[in-house]
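Have a look at the structure below, then the notes.
Nothing fancy with the numbering, it's 1 onward along the sequence. Any value given below was found using the heavy atoms of this structure, including those in side chains, with hydrogens, waters and symmetry copies removed.
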Amino acid sequence: MTDTPALPAAATEACPHCGKPAALCVCDFVEPVETRVRLAILQHPQEQDVTLGSARLAVRHIVGGIFKVGLSWPSLSKAVGREVDVKRWAVMHLGSVDTDAFPPGRDLAVVDKDGKPVADQAAALKGIEGVVAFDGSWSQAKTLWWRNPWVLKARRLVIRPAQPSLYGKLRKEPRREGLSTLEAVAFVISRLEGKPEIEKAMLSSFRRMLQRYRDSLPPPQEKSRKRRPGSPASAPSAAPASGPGSSGGGANT
């Protein structure tokens with residue numbers, strides 16, 4: 001996880017609903033919606049990014065959305081607090097997947113244990129009653145996966161987003177298709193419900209929160225360059241690498 005610059009002290013009082021510092025809270029703009037598909041976000045106890053994390057904001061958008069912190073639950077029913085059939089729920093798949101193998105025209109697919117899309121996607125997606133998302137770094141999410149063997153009975157969902165995360169340069173993802181928890185959940189729920197307006201509303205509040213964060217940061221200080229007397233002026237530096245030929249990497253958030 002990349003370091004998140006701290007907010008000014010006066011802006012750090014937390015909202016009791018979303019857990020965000022008051023300066024970043026956008027709860028007043030959130031209108032929870034009723035959905036057929038239930039939502040449960042399970043967060044790793046060591047996920048500490050209260051400032052830019054998106055899980056609790058995601059849950060605020062869905063009536064009856066569940067947010068819990070922990071490492072393991074004996075069953076999905078225990079995790080969500082009511083009796084459910086785990087086979088009718090889906091979990092965000094964490095393994096590697098060849099998204100080029102997606103069925104034509106689909107950006108959401110159910111995959112098997114090997115990460116390959118199942119043959120009958122319509123049947124696999126039909127009747128999904130709820131979605132589970134693990135919140136944390138990639139390693140933390142994988143820990144939650146292996147600590148909760150009931151996930152092996154659930155359907156596995158994979159998404160193929162067309163756009164990168166709204167985090168932009170605020171966070172670096174280890175995968176090109178990596179999204180925030182809110183973005184991934186918005187993507188899935190809106191498609192399972194057949195209501196693109198759900199994703200639009202969730203991304204709108206997320207975008208607003210990120211802009212408030214950017215606006216709250218102090219302006220960057222320019223580094224002064226000192227030159228020794230008599231030394232020639234530095235030659236203009238080459239432009240930074242960019243475009244298809246550049247490469248880079250970073251830790252997951």
Enclosure of E197 CD (heavy-atom neighbours >12, cutoff 6.0 Å) | yes
Can you check whether V110 reaches R106 side chain to side chain, under 4.5 Å on heavy atoms?
-> no
Taking all non-hydrogen atoms of both residues, which atom of L39 and which atom of A58 are closest, and how far apart?
-> CD2-O, 4.3 Å
Flag the pair L192 / T35 as yes when at least one side-chain heavy-atom distance between them is below 4.5 Å, and no otherwise.
-> no
To the nearest 0.5 angstrom, please state how far the NE2 atom of H93 sits from the CD1 atom of I159.
-> 12.5 Å
Side-chain donor/acceptor of S165 to backbone N/O of L179, under 3.5 Å | no
Shared hydrophobic cluster, V63 / V59 (ILVMFWY, side-chain heavy atoms < 4.5 Å) = no
Looking only at non-hydrogen atoms, find the nearest pair between G19 and A14 and report the distance.
-> O-CB, 4.1 Å
Any luck finding a side-chain donor-acceptor pair between H61 and S205 under 3.5 Å?
-> yes
Which atom of V86 lies closest to which atom of K153, heavy atoms considered | CG1-CB, 3.7 Å
When rounded to the nearest 0.5 angstrom, what is the spacing between CG in L24 and CD in Q211?
-> 11.5 Å
Donor-acceptor contact below 3.5 Å, side chain K20 vs main chain V26 = no
How about Q121 and V118: do any of their side-chain heavy atoms sit closer than 4.5 Å?
-> yes
Without swapping roles, check the side chain of R56 against the backbone of H17 for a donor-acceptor pair under 3.5 Å.
-> yes
Under a 4.5 Å cut-off applied to non-hydrogen side-chain atoms, are R82 and R38 in contact?
-> yes
Closest heavy-atom contact between F187 and R160?
-> CZ-O, 4.0 Å
Within 45° of the axis and under 6.0 Å from the centre of the six-membered ring of F206, does NZ or CZ of R208 qualify?
-> no
Decide whether S77 and S75 meet the rule of one side-chain donor and one side-chain acceptor closer than 3.5 Å.
-> no
Taking the side chain as C-beta and beyond, is there a heavy-atom pair between R191 and E199 under 4.5 Å?
-> yes
L76 side chain reached by V151 side chain, heavy atoms, under 4.5 Å = no
Do the ring planes of W145 and F134 sit parallel (below 30°), tilted (30 to 60°) or perpendicular (above 60°)?
-> perpendicular
So, does Q43 use its side chain to make a donor-acceptor pair with the main chain of G136 at under 3.5 Å?
-> no
Determine, step by step, whether T181 and D135 satisfy the side-chain hydrogen bond (donor to acceptor under 3.5 Å, both in side chains) criterion, reporting the C-alpha distance in whole Å, the side-chain angles of both residues, the deciding distance to 0.1 Å, and the verdict.
-> CA-CA 6 Å; T181 298; D135 184 59; 2.6 Å; yes
Heavy-atom pair of closest approach, residues A184 and M92 = CB-CE, 4.1 Å
Using the test side-chain hydrogen bond (donor to acceptor under 3.5 Å, both in side chains), find all partners of R60 that sit at least two apart in sequence or belong to another chain.
-> none
Less than 4.5 Å apart, any side-chain heavy atom of K195 and any of S190?
-> no
Keeping the roles fixed (side chain from Y167, backbone from L52), state whether a donor-acceptor pair exists under 3.5 Å.
-> yes
Assess the side chains of Q140 and T143: does a donor N or O sit below 3.5 Å from an acceptor N or O?
-> no
Under 3.5 Å, side chain of D107 to main-chain N/O of P161, donor-acceptor pair present?
-> no
Between L42 and L144, what is the shortest heavy-atom contact and its length?
-> O-CD1, 3.5 Å
From W150 CH2 over to K78 NZ, what is the distance, rounded to the nearest 0.5 angstrom?
-> 13.5 Å
Can any side-chain N or O of E183 pair as donor or acceptor with the backbone N or O of S180 at less than 3.5 Å?
-> yes
May I ask you to test the L210-L166 pair for a side-chain heavy-atom distance under 4.5 Å?
-> yes
Only counting residues at least two apart or in another chain, list the ones meeting side-chain hydrogen bond (donor to acceptor under 3.5 Å, both in side chains) with D85.
-> none
Which donor-acceptor pairs under 3.5 Å do side chains of residues 123-132 form with protein atoms, sequence neighbours excluded?
residue: E129; atom: OE2; partner: R88; partner atom: NE; Å: 2.9

Has the side chain of K68 got a donor or acceptor atom that lies under 3.5 Å from a matching backbone atom of A79?
-> yes
